[in-house]
**Q** 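First the structure, then my questions, so here it is.
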Amino acid sequence: MTQKLVEILTLERKLSAKILAFIVLSYLCCLKKYNMSAFELSEQEIQRRESLNKLREMGINPYPADLYPVSDYAAELKKQFVDGKQVCIAGRMMSQRVMGKASFAELQDSSGRIQVYFNRDEICPGEDKTLYNDVFKKLLDLGDFIGVKGYVFKTQVGETSIHVQEFTLLSKSLKPLPLPKIDAEGKIHDAFTDPEMRYRQRYADLVVNPQVKDIFIKRTKLFSAMRQFFNDAGYMEVETPVLQSIPGGAAARPFVTHHNALDIPLYMRIANELYLKRLIVGGFDGVYEFSKNFRNEGMDRTHNPEFTAMEIYVSYKDYNWMMDFTERLLEHCAIEVNGSSETTFGEHTINFKAPYKRVTMRQSIIDFTGFDIAGKTEEELFEAAKSMGIAVDSTMGKGKLIDEIFGEKCEGNYIQPTFITDYPKEMSPLCKEHRDNPELTERFELMVCGKEVANAYSELNDPIDQRERFEEQVRLSEKGDDEAGQFIDYDFLRSLEYGMPPTSGLGIGMDRLIMYLTNNPSIQEVLFFPQMRPEVHQQKVELSDNEKFIFDSLQKEQKMALLRLKELVNLSNKAWDVSVKNLTKQGLVKVTKIDEELLIEIL
RNA sequence: GAUUCCGUAGCUCAGCUGGUAGAGCAAUACACUUUUAAUGUAUGGGCCCUGGGUUCGAAUCCCAGCGGGAUCACCA
């Protein structure tokens, strides 16, 4: 402890005694409270802690508990200018322009920013000017939360502002925020753009990048719009288990966890489909759920390990009805989110206005390859795929081959919302067989910008067929198809045996949809906290092993030739160089040049 | 998983063919009563991601690692 104080004294000797005393004090506080070394704080962070303590000494609580009676919001006051209106607003101080006895600052609340005007003699009508000179000008920092009471006016330049009559510190900010600035031409300087820092510190991202906040406001609007649409249609929002003993409803690698009391493995859900259908069996007409799903697979700009899907099941309907429903739903959502059915995604303008084009998978493959899959054997499909330059292997069944051809040659071409219908049976184990063709299923996917955003079926409700399809999946899985399901959910089959009415179900990838509606090519931009490798905090050591070794070696003689010591410790050039520089920097040793010889000594 | 680019002050970024670190903003001090990227003057602030190598000398060149981005592959 004493040693550290000495180090601080040496390091900070250029600072005035007053500041120094404070630093030592606050260092002791920090050490006791946070078990943290003062060296980990930047100069500005130390200064802010210093201001914090000064405020406390002045009897100002930097973290008051009292309610603050906010009456207005920045955006509204600027939109509806009412001269002289008395207001009370609160937010972060994001800029400060001090001009002697008058100052301007910007206050940022949840709605935006508004300028506030401070006049010394109005803040401090008497002799004592500390509140303005010290508290406002010096002890407040950018990022602090303050509340102001005053009246609305326009400055000579015409900027709507609040003439402050009284201000209150509401919460002190100890860490400087990134500070992007916008110049007169609207150009942004010093933008906080590094994706890693933005995702890891989303809170800071949200404070300084209003366009990021907008994305998430739109995200919430999308959920509300969808919910409203379903509720208006009379369907019920439900919740089903996230922890499942059999992960079903999709083919994906699940996360595994363990339940201690039951002593069994449990899986995080990969889909909620099978549970929602159980509820249809139970007699609900329409059920939907926004479900967080978890898949233990690769991560990239369109895949996060946890993502949100919406699934809805409606009884007595088929997939044709669901197509109508889906296009009306998406048109409604696009308008609620963006005010228009049109949205821009990269170079494309997408129009979500219903109705959407409907193309069968067979027709789509004919359109883009000239090849007709109808009535072909597995061998013929295999050869066709191969001739198209698609990587094929012997584990692939008919359905998989068709899916590969579609994915490779067709999918990417559908920019405007398009329903692709009638998928091969093998790929759709939960979907009802097509009424006109036993090789196909009554399934559609909605393609937007070459990617699927929705998937829907006339749900399979024949329990015997369902059992056979599950068993076929298990066979495919054993054959080596890692996309095929490995588990049979017998409880789900039991529920079907009681009877499920004809039902159509729809699943929508919410993250992907909001990417389209907010023009973001990356899923990380539309998730508050995208998954990241955990940060590693490197503990700063005062002396490395090398440095200690050099110091100890030197201790015996106190002073010796630099080259001789180097030979003695026998470190690599790099290690030697870094260590000596560090020791010198910390004021523990000194290198001097006498004549042509370099000497090193302990201080 | 493959390829490729990046990691320098609180933030945004310079730093050439190796010679012990620069700018703007932010910070500190002073001046300034309607400014607005306020202004002017002065000052302080760096484990140059980590480890190793080459070299008299590395932020810079080489190797390995860590973290991130992009592209591709994989992905109901």
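Quick note on labels: first sequence line is chain A, next is B, and so on, each numbered from 1.
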**Q** Nearest to the side chain of A/Pro176, which nucleotide is it out of B/U35, B/G10, B/G67?
**A**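 Nearest to the side-chain atoms of A/Pro176, counting from C-beta on, is B/G10.
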
**Q** Which parts of residues 446-455 of chain A get close to RNA chain B, meaning a heavy atom less than 4.0 angstrom away?
**A**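 A/Glu452 - these, ordered by number, are the residues of the stretch whose heavy atoms sit under 4.0 Å from the strand.
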
**Q** Taking the minimum atom-to-atom distance to the side chain of A/Tyr199, which one of B/C75, B/U35, B/G69 wins?
**A**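 Closest nucleotide to the A/Tyr199 side chain: B/G69.
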
**Q** Please check the phosphate of B/G68 (OP1 and OP2 only) for any side-chain N or O of A/Arg533 closer than 4.0 Å.
**A** yes

**Q** Identify the residue among A/Phe118, A/Tyr132, A/Phe145 that makes a ring pair (Phe, Tyr, Trp, His ring centres under 6.0 Å) with A/Phe167.
**A** A/Phe118

**Q** Establish, with yes or no, whether the OP1 or OP2 oxygen of B/U35 is under 4.0 angstrom from a side-chain nitrogen or oxygen of A/Gln115.
**A**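 So the side chain of A/Gln115 is outside the cut-off, no N or O lying under 4.0 Å from OP1 or OP2 of B/U35.
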
**Q** Checking base pairs now: Watson-Crick or wobble, both atom distances under 3.5 Å. What partners B/C30?
**A** B/G40

**Q** What nucleotide, of B/U33, B/C75, B/U36, holds the atom closest to the side chain of A/Asn119?
**A**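 Nearest to the side chain of A/Asn119 among the choices is B/U33.
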
**Q** With heavy atoms under 4.0 Å as the rule, sort A/Tyr423 into base, sugar-phosphate or nothing.
**A** nothing

**Q** To the side chain of A/Thr155, which of B/G10, B/U36, B/U12 is closest?
**A**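 The listed nucleotide nearest to A/Thr155's side chain is B/U36.
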
**Q** Rounded to whole Å, please give me the gap between NZ in A/Lys101 and P in B/U35.
**A**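 Those two atoms, NZ and P, are 16 Å apart.
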
**Q** Going by the rule side-chain contact (heavy atoms from CB on, under 4.5 Å), which residues pair with A/Pro305 if we only count those two or more places apart in sequence or in a different chain?
**A**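 For A/Pro305 the side-chain contact (heavy atoms from CB on, under 4.5 Å) partners, ignoring immediate neighbours, are A/Phe255, A/Met299, A/Gln531.
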
**Q** Check the pair A/Arg97 / A/Gln115 against side-chain hydrogen bond (donor to acceptor under 3.5 Å, both in side chains), numbers first and verdict last.
**A** CA-CA 10 Å; A/Arg97 292 181 288 276; A/Gln115 180 169 269; 2.7 Å; yes

**Q** With a cut-off of 6.0 Å (strictly less than), are more than 12 heavy atoms of other residues, nucleotides or ligands near NZ of A/Lys451?
**A**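 Count not over threshold, so no.
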
**Q** Look through every strand shown and name the nucleotide pairing with B/C48 as Watson-Crick or G-U wobble, where both distances are under 3.5 Å.
**A** none

**Q** Which residues satisfy the side-chain contact (heavy atoms from CB on, under 4.5 Å) test with A/Lys432, sequence neighbours excluded?
**A**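 Once residues adjacent in sequence are excluded, the partners of A/Lys432 under the side-chain contact (heavy atoms from CB on, under 4.5 Å) criterion are A/Ser458, A/Asn461, A/Pro502.
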
**Q** Output yes when at least one side-chain N/O atom of A/Arg48 is less than 4.0 Å from OP1 or OP2 of B/G10, else no.
**A** no

**Q** Please report, rounded to the nearest Å, how far the C1' atom of B/C49 is from the CG atom of A/Asp194.
**A**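 Taking atom C1' of B/C49 as the reference, CG of A/Asp194 is at 13 Å.
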
**Q** Quick one: which of B/G10, B/U28, B/C13 gets closest to the side chain of A/Thr193?
**A**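 In terms of side-chain proximity for A/Thr193, the closest of B/G10, B/U28, B/C13 is B/C13.
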
**Q** Between the protein and nucleotides 38-40 of chain B, are there any N/O to N/O pairs under 3.5 Å, and if so, what are the atom names and distances?
**A**
unit_1 : atom_1 : unit_2   : atom_2 : d
B/A38  : OP1    : A/Lys181 : NZ     : 2.8
B/A38  : OP2    : A/Arg97  : NH1    : 2.7
B/A38  : N6     : A/Val98  : O      : 2.8

**Q** Write down the distance between CG (A/Leu179) and P (B/C13), rounded to a whole number of angstrom.
**A** 15 Å

**Q** Provide the Watson-Crick or G-U wobble partner of B/A23, both distances under 3.5 Å; none if there is no partner.
**A**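 Check on B/A23: paired to B/U12, both distances under 3.5 Å.
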
**Q** Checking A/Asp194 now: which residues fulfil side-chain contact (heavy atoms from CB on, under 4.5 Å) with it, not counting sequence neighbours?
**A** A/Glu196, A/Met197

**Q** Kindly point out which of B/C11, B/G69, B/U36 is positioned nearest to the side chain of A/Met532?
**A**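 It is B/G69.
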
**Q** What nucleotide, of B/U33, B/U35, B/C11, holds the atom closest to the side chain of A/Asp121?
**A**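 From the listed options, B/U33 comes nearest.
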
**Q** Kindly write out the residues that satisfy side-chain hydrogen bond (donor to acceptor under 3.5 Å, both in side chains) with A/Gln201, not counting sequence neighbours, or none if the list is empty.
**A** none

**Q** Do A/Asn455 and A/Arg443 have a side chain donor and acceptor closer than 3.5 Å?
**A**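 A pair is found: one side chain offers a donor N or O, the other an acceptor, under 3.5 Å apart.
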
**Q** Look at the side chain of A/Tyr117 and decide which nucleotide, out of B/A37, B/G44, B/U34, has an atom nearest to it.
**A**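 For A/Tyr117, the side-chain atoms sit closest to B/U34.
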
**Q** Ignoring backbone atoms, establish whether A/Lys137 has a side-chain N or O less than 4.0 Å from OP1 or OP2 of B/U33.
**A**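 So the side-chain polar atoms of A/Lys137 never come under 4.0 Å of the phosphate oxygens OP1 or OP2 of B/U33.
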
**Q** Who does B/A2 pair with, Watson-Crick or G-U, both distances under 3.5 Å?
**A** B/U71

**Q** Counting distance only, does the side-chain N/O of A/Asp109 pair as donor-acceptor with the main-chain N or O of A/Ala74 below 3.5 Å?
**A** yes

**Q** Pairing check on B/C61: which nucleotide meets the Watson-Crick or G-U wobble criteria with it, both distances under 3.5 Å?
**A** B/G53

**Q** Which residues pass the side-chain hydrogen bond (donor to acceptor under 3.5 Å, both in side chains) test with A/Glu289, not counting sequence neighbours?
**A** A/Thr240, A/Arg269, A/Asn272

**Q** If we call it a pair only when both distances are under 3.5 Å in a Watson-Crick or G-U wobble match, what pairs with B/U35?
**A** none

**Q** Which of these nucleotides, B/U12, B/C72, B/U34, is closest to any side-chain atom of A/His163?
**A** B/U34

**Q** For the base of B/G69, is there a side-chain donor-acceptor partner from A/Glu196 under 3.5 Å away?
**A** no

**Q** Using the 3.5 Å cut-off, write out each protein N or O paired with an N or O of nucleotides 21-24 of chain B and the distance between them.
**A**
unit_1 : atom_1 : unit_2   : atom_2 : d
B/G24  : N2     : A/Asp190 : OD1    : 2.8
B/G24  : N2     : A/Asp190 : OD2    : 3.1

**Q** Would you say A/Gln524 reaches B/G69's phosphate, i.e. side-chain N/O to OP1/OP2 under 4.0 Å?
**A**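 For B/G69, OP1/OP2 do have a side-chain N/O of A/Gln524 under 4.0 Å.
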
**Q** Can you tabulate the close N/O pairs, meaning under 3.5 Å, that link protein atoms to atoms of nucleotides 1-9 of chain B?
**A**
none

**Q** Please collect all side chain to side chain donor-acceptor pair (under 3.5 Å) contacts where either partner lies in residues 504-513 of chain A, sequence neighbours excluded, each pair once.
**A**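 Pairs touching residues 504-513 of chain A that pass the test: A/Arg219-A/Asp511.
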
**Q** If the cut-off is 4.0 Å, is A/Arg200 near the phosphate of B/G68, judged by side-chain N/O to OP1 or OP2?
**A**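 Result: yes.
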
**Q** Which residues pass the salt bridge (charged side-chain N to carboxylate O under 4.0 Å, His left out) test with A/Glu122, sequence neighbours left out?
**A**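 Listed in chain order: nothing, the list is empty.
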
**Q** Using only modelled atom types and a 3.5 angstrom limit, is any donor from either the side chain of A/His189 or the base of B/C25 paired with an acceptor on the other?
**A** no

**Q** Taking only residues two or more places apart in sequence or in another chain, which ones pass side-chain contact (heavy atoms from CB on, under 4.5 Å) with A/Met361?
**A** A/Ile365, A/Ile402, A/Phe406, A/Ile420, A/Tyr423, A/Pro424

